[in-house]
Trainee: 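My structure is below; once you've seen it, I'll send some questions.
Below, chains carry the letters A, B, ... as their sequence lines are ordered, and counting in each starts from 1.
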Amino acid sequence: MRLERKAHEPVLATIAKETEEDFDSEDSSESDDADDDINPDLLEEKNLVMESVDSNVDTIECKEKDEYGNNSRKTLKTEVNEDKREKIPESKDKTLTKNVAPAKPDSEPAIFKEVKRDPGIQAARLQLPILAEEQAVMEAIHDNDVVILCGETGSGKTTQVPQFLYEGGYTTKGLIGVTEPRRVAAVTMSRRVALELNMSTNVISYQIRYEGNVTDETIMKFMTDGVLLKEIENDFFLSKYSVIVIDEAHERSVFTDILMGLLSRIVPMRKTQGNQLKLVIMSATLRVEDFTGNTRLFPSPPPVVTVESRQFPVTVHFNKRTPDDYLNEAFRKVSKIHRTLPPGGILVFVTGQAEVHGLCRKLKKTFPLISEKTKSTHNVEGKDGNSDEEDDFDLDNYPVNPAVEERDAEDEDLGEEIGDESNEFDLDDSAFTSLIDKNLPMFVLPLYSLLSSQQQAKVFQPPPEGTRLCVVATNVAETSLTIPNIKYVVDTGMVKRRYYDKVTGVSSFKITWTSRASADQRAGRAGRVEPGHCYRLYSSAVFTNDFEEFSAPEISRRPVDDLVLQMKDMNIDKVVNFPFPTPPDVTALQSAERLLLNVGALEEKKTVKGNINAVITPLGRAMAKFPVSPRYSKMLCLGHQENCMEYVIAIVSALTVKEIFADDSDREAGEISKEERRKISRLRRTWAGQGDAQKLGDAMVMLRAVGASEYAGCTEKFCAENGLRHKGMVEIRKLRAQLTNSVNLVNADAKVVLNPRMSPPSPVQCKALRQICLSGLGDHVARKSPAGNNPQLKNAYSCMSLDEPVFIHPSSALFNVLPEYVIYQEVVETSKLFMKGVISVQPEWIPVLVPSLCTFSKPLEDPPPRYDSEAGVVKCHMTCTFGPKSWQVPPQELEYPTGLDRFKWFARFLLDGKVIPVFSKFVPFLLSAPVTMIKSWSKLQPRTEVLLGELVSGGADSKMALKVAWKKDPMFLLAALKQWIPQSKHAELSLQWPPKE
DNA sequence: GAGCACTGC
């Protein structure tokens, strides 16, 4: 274990300061002594962090222990709050600890939970480097509110630290909570720890989005980071927990980042409450400056404890020259490894599905799994689960061996690679033998996230006898999936990332160099079972000069509207001041606020100081309850119209789960997929239907896809036959269930049920659904541009926030329909700017459903304003322009704009007897014409002024507001109205006051 | 007339 001076020192000082009053001077100085004793040594060791444990460290640990031991005894006498210190085993020898503890009669007995572990498990645990550091880790946690624990993969920290905390008695004070960035990790870790502790999963449990096994007995809970974030929304202080462990903090998922920001505030608050919450941040890399060096996050930097990893050494080989074609280079490198190096799996990192399949195909052709001889005598199809790939080799025109073609190119590369040492693994050409390729079978497997579960599962099986496993993977293999028995990693150094334009919101995908940290992570995948080798297909100069050190955290690369809404719902008004580990871009925050204002989740209010602040509205509060993008939660909030809720839920689920169509993901790219693609394309058109259904466009396709697959029981077979991605449909199914639940929770009257036999929406419902979608996607409207003579602009649309023309994506159901006005889910830039997820809308809906983006004229005189007795409001016609480009949209009758004139018109209709029916009998006796109210000379008459003044003071400019005013004061308006009728009628009016209807 | 890495509520 190492404690870094910079990080550690101020913390001890802070503790001493905070408890100053309770300490006598001697105690304080001892605290300082401990500090001084530790740090000089540590300073020298700063550069040795990755080296193995040496004797120096043991000395340090002994000193620490003594000092902390002294401190703890003295603290006990003076501190009122119970100190957990005495519960921590003070020695690595557990037996000793247990015997020693009762010898302190004045202290609470040490809590040390004994665990009866399986001897096999215990033996395996003892191999883990972190086990040697148990005491150091626990002391650091004990002595500090927040501790950062650094350990590379293989240190065992995820499974062991929760067990240390259990043994140290933390479960007697509350739950131990552990967050993971992925669902599988939460589930498997909880099972593993339950097994190691020899305890039931009722006690060591997990909770992920759609499922969990938490019970009343649960003492330790593994969960995804988003689950804990949701819990904070309901219980800000996390009062159930005694300690929170954030695992994989270096991955910097948005939820992890926000959790850290929140916990940095919750931890000190809990301390003040006298109910201490501990925070342990676990990170695989030493990239912790964002946490330690961020004084807004942690005013006094938490100590960093580093543990060794048990990774096997991986020798890294750089290319001398960086090739232009990294795919071709990857093919050559894999070929060389396969031909010349000892057995062991190969893992290749490329950037996308197409690359995965392309490389897989080339490798399979070069190193066929079945030798020609075997093939001619046996029908081996299906023998090893690799059958579908063999189709390629049955073709008569068996391809020329690419490896042979490229020998010349290989020769140029002789000896170009530089290795750390000169040995066989350097792959120079002397090792390049003339073995015949078909005698070197290679078991080639693709791996990427969208691949079906069965296909993915193949990489975990041992390859067929006598073959070498070669997995061609995207970034999934970097963190999410760990492939066993990989000895060689081939790293192209490339990664495909999604980019969002912070201003326009347009997304695009770019292939770039990955980061040094990520390249190291890839290399590490070769050293999990034995020493391995990583072949980087780029030069060390490129690695050093062109790679960024770390990839930017997710929060700085994506829109943050959902996060801003969640935070506003937690009453964090000034999101800019939130202690983010890395703050999101200011423009991203502004865009988020603008969007939330547009959908009505926020409204601008003046603060006491006169600043304008965007505060959450009741609608925003309701929206925040839904675990989907704010655009979609707005749709859910309007979904009750025309009984559309079940459809809205299905559409929102499908919009949230991307890529519901399988495309050619399960097949090799090539001729077959073209046929397949046409079929899917036809199917989409069929699903889109005609008329009102077709106008619902891609939302209709989604609705049909969800409806049909649900009807068929969401089976794999149905999905495969209809070009649907099964994993995606299963996710939609779960999300529908969750959203149905949420809708019923937010609105008890909703009473939506999850209907497996959802019938298609009626024409009226289709129209309502388009309107509901418009209300959420009001800032994603596009209208057809006149093409003129420019063929480039054929079928082009103009969208409100972009200068360039956009086009309906060819995969859309509306691609050939080309409606005048559409809304879209997103714009993606590829060869053009394409709108995806397209729905047709009517321009006259815009002023009604997206008023926040409209600029209205003054109310028109013709047609004149009228009173809508059904709605109880004054309505008028206004011309309207929409969006920053001021598109003219048809004039609409809308509620009269708020302001004095609205009161005048309301008064006028009131006097007309239109608002209160009982008043109509007095209309013939009115002393002035009601129209006086809206005349410019109305001020000449005192009764107009009195009535207007009364209405304004009561805020009564609608029927609803009038009723509210009468609740407060039943005599409201009576005197003012009396002035409009003769004295003789006053008594009669009084008798009817306040009016019933 | 096209081609999207990855993940959490």
Side-chain angles (χ1 to χ4, degrees), chain A residues 179-186 207-210 212 223-234 248 251-259 349-358 447-451 473-481 492 494-499 507-512 514 518 551 553-555 557-558 562-563 565-566 569 624-630 632-633 656-661 663-665 669 673-674 677-678 680-681 684 725 728 731 734-735 738-739 741-742 794-795 807-812 815-816 826 828-836:
Chain A
T179 73
E180 295 291 334
R182 276 170 295 281
R183 292 179 196 159
V184 271
Q207 179 69 53
I208 58 176
R209 182 165 187 164
Y210 301 115
M223 63 203 127
T224 36
D225 44 16
V227 167
L228 188 65
L229 196 56
K230 280 280 163 194
E231 282 188 27
I232 293 182
E233 284 169 34
N234 298 320
E248 315 278 15
E251 288 191 23
R252 305 296 305 275
S253 91
V254 277
F255 291 160
T256 297
D257 269 19
I258 292 180
L259 275 177
F349 283 100
V350 295
T351 73
Q353 280 184 44
E355 290 183 5
V356 167
H357 285 303
L447 184 67
Y448 48 86
S449 173
L450 289 179
L451 197 64
T474 62
N475 253 1
V476 260
E478 192 178 304
T479 47
S480 305
L481 294 171
T492 61
M494 308 306 279
V495 68
K496 179 154 31 187
R497 289 202 191 101
R498 184 175 191 140
Y499 289 83
S507 44
S508 56
F509 290 85
K510 294 194 175 88
I511 295 173
T512 61
T514 186
S518 143
S551 311
E554 189 194 1
I555 198 161
R557 326 183 359 99
R558 97 198 231 312
D562 53 342
L563 306 177
L565 179 60
Q566 294 306 327
D569 190 43
K625 300 283 183 293
F626 298 116
V628 292
S629 148
Y632 305 153
S633 51
T656 301
V657 178
K658 299 276 174 70
E659 304 303 322
I660 65 170
F661 288 97
D663 288 342
D664 42 337
S665 63
S673 74
K674 263 184 194 164
R677 202 179 299 136
R678 267 191 221 107
I680 293 165
S681 189
R684 286 189 198 187
R725 203 167 56 82
E731 185 76 13
K734 292 177 184 167
L735 186 51
Q738 191 191 29
L739 291 179
N741 208 9
S742 306
K794 190 174 172 251
N795 301 337
F807 298 85
I808 295 181
H809 193 270
S811 68
S812 169
F815 177 65
N816 293 319
E826 57 172 354
V828 179
E829 181 174 14
T830 52
S831 57
K832 286 176 179 173
L833 291 172
F834 284 113
M835 296 182 279
K836 310 192 86 174

Trainee: Looking across every strand, which nucleic acid part, if any, lies under 4.0 Å from A:S480 by heavy atom: base, sugar-phosphate, or nothing?
Mentor: sugar-phosphate
Trainee: Taking atom C1' of B:dC4 as reference, at what distance in whole Å does atom CE of A:M494 sit?
Mentor: 17 Å
Trainee: What's the shortest heavy-atom distance between A:L259 and A:D225, and which atoms?
Mentor: CD1-O, 3.6 Å
Trainee: Just N and O in the side chain of A:S449: are any of them under 4.0 Å from OP1 or OP2 of B:dT7?
Mentor: yes
Trainee: When you get a sec, tell me which of B:dT7, B:dG3, B:dG1 is the closest nucleotide to the side chain of A:P810?
Mentor: B:dG1
Trainee: At under 4.0 Å between heavy atoms, what does A:I208 touch on the DNA or RNA strands: base, sugar-phosphate, or nothing?
Mentor: sugar-phosphate
Trainee: Look at the side chain of A:K496 and decide which nucleotide, out of B:dC9, B:dA5, B:dA2, has an atom nearest to it.
Mentor: B:dA5
Trainee: With a 4.0 Å cutoff (strictly under), does any side-chain N or O of A:H809 reach OP1 or OP2 of B:dG3?
Mentor: yes
Trainee: Closest heavy-atom contact between A:E659 and A:R725?
Mentor: O-NE, 2.6 Å
Trainee: Using a cut-off of 4.0 Å on non-hydrogen atoms, how would the nucleic acid contact of A:F807 be classed: base, sugar-phosphate, or nothing?
Mentor: nothing
Trainee: So, OP1 or OP2 of B:dC9: does either fall under 4.0 Å of a side-chain N or O from A:K230?
Mentor: no
Trainee: Check whether any side-chain nitrogen or oxygen of A:T474 sits under 4.0 Å from OP1 or OP2 of B:dA5, and answer yes or no.
Mentor: no
Trainee: Can you tell me if the side-chain N/O atoms of A:R252 get under 4.0 Å from OP1 or OP2 in B:dT7?
Mentor: no
Trainee: When we call it a touch if two heavy atoms are under 4.0 Å apart, what does A:S811 touch: a base, just sugar-phosphate, or nothing?
Mentor: nothing
Trainee: For A:R498 and for A:D562, locate the closest nucleotide of DNA chain B by heavy-atom distance; then report the residue assigned to the nucleotide nearer the 5' terminus.
Mentor: A:R498
Trainee: What is the separation between atom CD on A:E731 and atom C1' on B:dC6, rounded to the nearest whole Å?
Mentor: 14 Å
Trainee: Look at A:T224 and B:dC9 and indicate whether a side-chain polar atom (N or O) is within less than 4.0 Å of OP1 or OP2.
Mentor: yes
Trainee: Nearest of B:dT7, B:dC4, B:dC9 to any side-chain atom of A:K836?
Mentor: B:dC4
Trainee: Whole angstrom is fine here: how far is it from NZ in A:K510 over to P in B:dG3?
Mentor: 15 Å
Trainee: Give a yes/no on whether any side-chain N or O of A:Q353 is located under 4.0 angstrom from OP1 or OP2 of B:dA5.
Mentor: yes
Trainee: Can you tell me how far C1' of B:dA5 sits from CZ of A:R497, to the nearest Å?
Mentor: 9 Å
Trainee: Quick one: label A:T256 by what it contacts on the DNA or RNA (base, sugar-phosphate, nothing), any heavy atom closer than 4.0 Å.
Mentor: nothing
Trainee: Please check: side-chain N/O of A:R498 versus main-chain N/O of A:R557, any donor-acceptor pairing under 3.5 Å?
Mentor: no
Trainee: Is it the case that B:dG8 (base atoms only) and A:E554 (side chain only) share a donor and an acceptor within less than 3.5 Å, ignoring hydrogens and angles?
Mentor: yes
Trainee: So, the side chain of A:E554 versus the backbone of A:V254: is there a donor-acceptor pair under 3.5 Å, distance only?
Mentor: yes
Trainee: Show the numbers, then the answer: is there a side-chain contact (heavy atoms from CB on, under 4.5 Å) between A:L563 and A:R558?
Mentor: CA-CA 11 Å; A:L563 306 177; A:R558 97 198 231 312; 3.8 Å; yes
Trainee: Report which part of the nucleic acid A:R182 touches: base, sugar-phosphate, or nothing (heavy-atom distance under 4.0 Å, all strands).
Mentor: sugar-phosphate
Trainee: Distance check needed: B:dC6 P versus A:L447 CG, whole Å only.
Mentor: 9 Å
Trainee: Rounded to the nearest Å, what distance is computed from the CG atom of residue A:N475 to the C1' atom of nucleotide B:dC4?
Mentor: 14 Å
Trainee: Nearest to the side chain of A:S831, which nucleotide is it out of B:dC4, B:dG8, B:dG3?
Mentor: B:dG3
Trainee: Judged by modelled atom types alone, do A:T256 and A:E248 share a side-chain donor-acceptor pair under 3.5 Å?
Mentor: no
Trainee: Nearest whole angstrom, please: distance from the P of B:dC6 to the CZ of A:R558.
Mentor: 17 Å
Trainee: Spell out, as yes or no, whether a donor-acceptor pair under 3.5 Å connects the side chain of A:T492 to the backbone of A:F349.
Mentor: yes
Trainee: Measure from CD1 on A:I258 to P on B:dT7 and round the result to the nearest Å.
Mentor: 20 Å
Trainee: Using a heavy-atom cut-off of 4.0 Å across all strands, would you classify A:V495 as base, sugar-phosphate, or nothing?
Mentor: nothing
Trainee: Is any side-chain nitrogen or oxygen of A:S507 closer than 4.0 Å to OP1 or OP2 of B:dC4?
Mentor: no
